K.L.:
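Quick one: this structure, given as structure tokens, is what I'll be asking you about.
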Amino acid sequence: MTKKYDVIVIGAGPGGLTAGLYASRSNLSVLILDRGIYGGQMNNTGDIENYPGFELISGPDLSEKMYASATKFGAEYAYGNVKNVTDHGEYKLVETDEGDFEGKTVIIATGAEHKHLGVPGEEDLSGMGVSYCAVCDAAFFKNREVVVVGGGDSAVEEGLYLTQLASKVTIIHRRDQLRAQQILQQRAFANPKIEFVWNAITEEIVGTENKTTGVKYRDKNTGEEHVVPADGVFIYVGIMPMTDKFKELNITDENGWIITDEKMRTSVPGIFAIGDVRANQLRQIATAVGDGGIAGQGVYEYLQETN
Ligand code: FAD
């Protein structure tokens, strides 16, 4: 028999965990589903120092704390890779690899994932020097040279994190200046282990059959090609929304981000969306948490009005 809930939260990142906390504190029956480990992108983050209340906390530690809060008031947590969601008015059917669930409401909190560069060598050497997660893989590169590709917050933040272990970190960026927050830029420029390659288009991850040896780039100004020797390459060139499973609901913009109003309601009554998956200006832990609180309260109000 299909199990029924007042609220099904899809995704257990900071947004989903907060929504679960708020909804369960309103005495609603809540199921939080995730296809990976709870915490979402926080698990790929080294040091977090812009989440209020913690001067410095690691991503995995903050994930543990949020999970404990989210489940304290009765929200259930389960593994589930959501394949489809269909709207049946009074209830929404959530299909997963592990079985189906019915929710009177659904909160989509599936976040975003890293983009790939799409250059030769990237797929072949993935896990053999090519990584998208410094926290997960930095330890493999103790006293070795690594490259970070990108110039935004994540690239610079994780580049700084890598200096704790690597002997040298080269940040390859396609522009002539970084997009990262000023405080991160200042730290990176002051760090003797970090070098920058500007105006550089990454063309290839170079390596042998099972080992990365460098990154080939083309200088945008001169057209010349160069190779930066490296044992590891960390790629942070942007994110894309995890919304492919919700296409049939017709709730995204042309780039796949979900459109909501200020109460986190999508155009389908009873379906809410929060955090990085939303068409939004700022994608951070604090904003995902804020969205989660609003939606967790919003589902309660929705059920009061419709029941
Ligand atoms: P996510 O954290 O992306 O979580 C989404 C969850 O949904 C995941 O657990 C995923 O497994 C699950 N999911 C996806 N699809 C499905 C499916 N079909 N079925 C079931 N589950 C699914 N923010 C800060 O505030 N400070 C920082 O210092 C910071 N540093 C960062 C460093 C890096 C390297 C990265 C990548 C991000 C960083 N961020 C930082 C951004 C921050 O982590 C995100 O903004 C935040 O995690 C978004 O939360 P979310 O709940 O919207 O989604």
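Just so you know, ligand 1 is whichever comes first in the structure, and atom 1 is the first atom listed for that ligand. All values reported here derive from a predicted model rather than from experimental measurement.
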K.L.:
May I ask you to identify the nearest protein heavy atom to atom 21 (N) of ligand 1, giving residue, atom name and distance to one decimal place in Å?
P.N.:
Arg35 N, 3.2 Å
K.L.:
For ligand 1 and Asn44, I'd like to know whether there is a polar contact (N/O to N/O, distance under 3.5 Å).
P.N.:
no
K.L.:
Checking side-chain polar atoms at under 3.5 Å, does Asp6 have a donor or acceptor matched by the opposite partner on Ser29?
P.N.:
yes
K.L.:
Considering only protein heavy atoms, which is closest to atom 6 (C) of ligand 1, and at what distance to one decimal place?
P.N.:
Asp34 OD2, 3.5 Å
K.L.:
What protein heavy atom lies closest to atom 35 (C) of ligand 1? Include the residue and the distance to one decimal.
P.N.:
Ser154 OG, 3.8 Å
K.L.:
Taking only heavy atoms of Ala112 into account, list the atoms of ligand 1 that are under 4.0 Å away from them.
P.N.:
3 (O)
K.L.:
Counting neighbours of OH on Tyr22 that are heavy atoms of other residues, nucleotides or ligands and sit closer than 6.0 Å, is the number greater than 12?
P.N.:
no
K.L.:
Taking N or O atoms only and a 3.5 Å limit, does Gly15 qualify as a polar contact for ligand 1?
P.N.:
yes
K.L.:
Kindly write out the residues that satisfy side chain to side chain donor-acceptor pair (under 3.5 Å) with Lys245, not counting sequence neighbours, or none if the list is empty.
P.N.:
none
K.L.:
Under 3.5 Å, is there a donor-acceptor pair between the side chain of Lys92 and the main chain of Val106?
P.N.:
no
K.L.:
Should you measure from each heavy atom of Gly275, which atoms of ligand 1 turn up under 4.0 Å away?
P.N.:
52 (O)
K.L.:
Might you confirm whether atom CD of Glu195 has over 12 heavy atoms from other residues, nucleotides or ligands at distances under 6.0 Å?
P.N.:
no
K.L.:
Do you know the tightest heavy-atom contact between Val94 and Ile8?
P.N.:
CG2-CD1, 3.9 Å
K.L.:
Quick one: do Tyr161 and Phe234 satisfy ring-ring contact (aromatic ring centres under 6.0 Å, His included)? Show the steps, please.
P.N.:
CA-CA 12 Å; Tyr161 179 81; Phe234 291 83; 9.3 Å; no
K.L.:
Is the shortest N/O to N/O distance between Ala286 and ligand 1 below 3.5 Å?
P.N.:
no
K.L.:
Please write down residue, atom name and distance for the protein heavy atom closest to atom 42 (C) of ligand 1.
P.N.:
Ile285 CG1, 3.8 Å
K.L.:
Looking only at protein heavy atoms, identify the closest one to atom 2 (O) of ligand 1 and say how far it is in Å.
P.N.:
Gln41 N, 2.9 Å
K.L.:
Is it the case that Glu157 and Tyr236 place a side-chain donor and acceptor less than 3.5 Å from each other?
P.N.:
no
K.L.:
Under 4.0 Å, counting heavy atoms only: does Tyr236 come that close to any atom of ligand 1?
P.N.:
yes
K.L.:
Report yes if Gln284 has an N/O atom closer than 3.5 Å to an N/O atom of ligand 1; otherwise report no.
P.N.:
yes
K.L.:
May I ask you to decide whether Lys211 forms a salt bridge with Asp231, counting only side-chain N to carboxylate O separations under 4.0 Å?
P.N.:
yes
K.L.:
Checking a contact table here: which protein heavy atom is nearest atom 14 (C) of ligand 1, and how many Å away?
P.N.:
Thr110 O, 3.3 Å
K.L.:
Enumerate the atoms of ligand 1 whose separation from the nearest heavy atom of Asn81 is less than 4.0 angstrom.
P.N.:
17 (C), 18 (N), 19 (N)
K.L.:
Restricting to non-hydrogen atoms, name the atom on Arg278 and the atom on Thr260 that form the minimum distance, rounded to 0.1 Å.
P.N.:
NH1-OG1, 2.9 Å
K.L.:
Side chain, backbone, both or neither: which applies to Glu158 and ligand 1 if a contact is any heavy-atom pair less than 4.0 Å apart?
P.N.:
side chain
K.L.:
N/O to N/O below 3.5 Å, does that happen between Asn50 and ligand 1?
P.N.:
yes
K.L.:
When only distance counts, is Val82 in polar contact with ligand 1, meaning an N/O pair under 3.5 Å?
P.N.:
yes
K.L.:
Regarding ligand 1, does Glu157 bring an N or O atom to under 3.5 Å of one of the ligand's N or O atoms?
P.N.:
yes
K.L.:
Which atoms of ligand 1 have any heavy atom of Gly11 under 4.0 Å away?
P.N.:
6 (C), 7 (O), 12 (C)
K.L.:
Looking at atom 45 (O) of ligand 1, what's its closest protein heavy atom, distance included?
P.N.:
Asp276 OD1, 2.9 Å
K.L.:
Test: salt bridge (Lys or Arg N to Asp or Glu O under 4.0 Å). Region: residues 105-114. Which pairs qualify, not counting sequence neighbours?
P.N.:
Arg35-Glu113
K.L.:
Quick one: look at Cys133 and ligand 1, take heavy-atom pairs under 4.0 Å, and tell me if it's side chain, backbone, both or neither.
P.N.:
neither
K.L.:
Assess whether atom OH of Tyr79 is packed by more than 12 heavy atoms of other residues, nucleotides or ligands within 6.0 Å.
P.N.:
yes
K.L.:
In ligand 1, which numbered atoms sit nearer than 4.0 Å to a non-hydrogen atom of Ala109?
P.N.:
5 (C), 6 (C), 7 (O)
K.L.:
Please report which non-hydrogen protein atom sits nearest to atom 41 (C) of ligand 1, along with the residue it belongs to and the distance in Å to one decimal place.
P.N.:
Arg283 O, 4.1 Å
K.L.:
According to a 4.5 Å side-chain heavy-atom criterion applied to Ile, Leu, Val, Met, Phe, Trp and Tyr, with indirect links allowed, do Leu28 and Ile107 form part of one hydrophobic cluster?
P.N.:
yes
K.L.:
Which is closest to atom 20 (C) of ligand 1 in terms of heavy atoms, Ala12, Gly40, Gly80?
P.N.:
Gly80
K.L.:
To which of Ala155, Pro14, Gly13 does the heavy atom nearest atom 49 (O) of ligand 1 belong?
P.N.:
Pro14
K.L.:
What I'd like to find out is whether the side chain of Tyr67 reaches to under 4.5 Å of the side chain of Leu17, using heavy atoms alone.
P.N.:
yes
K.L.:
Is Lys245 in polar range of ligand 1, meaning some N or O pair under 3.5 Å apart?
P.N.:
no
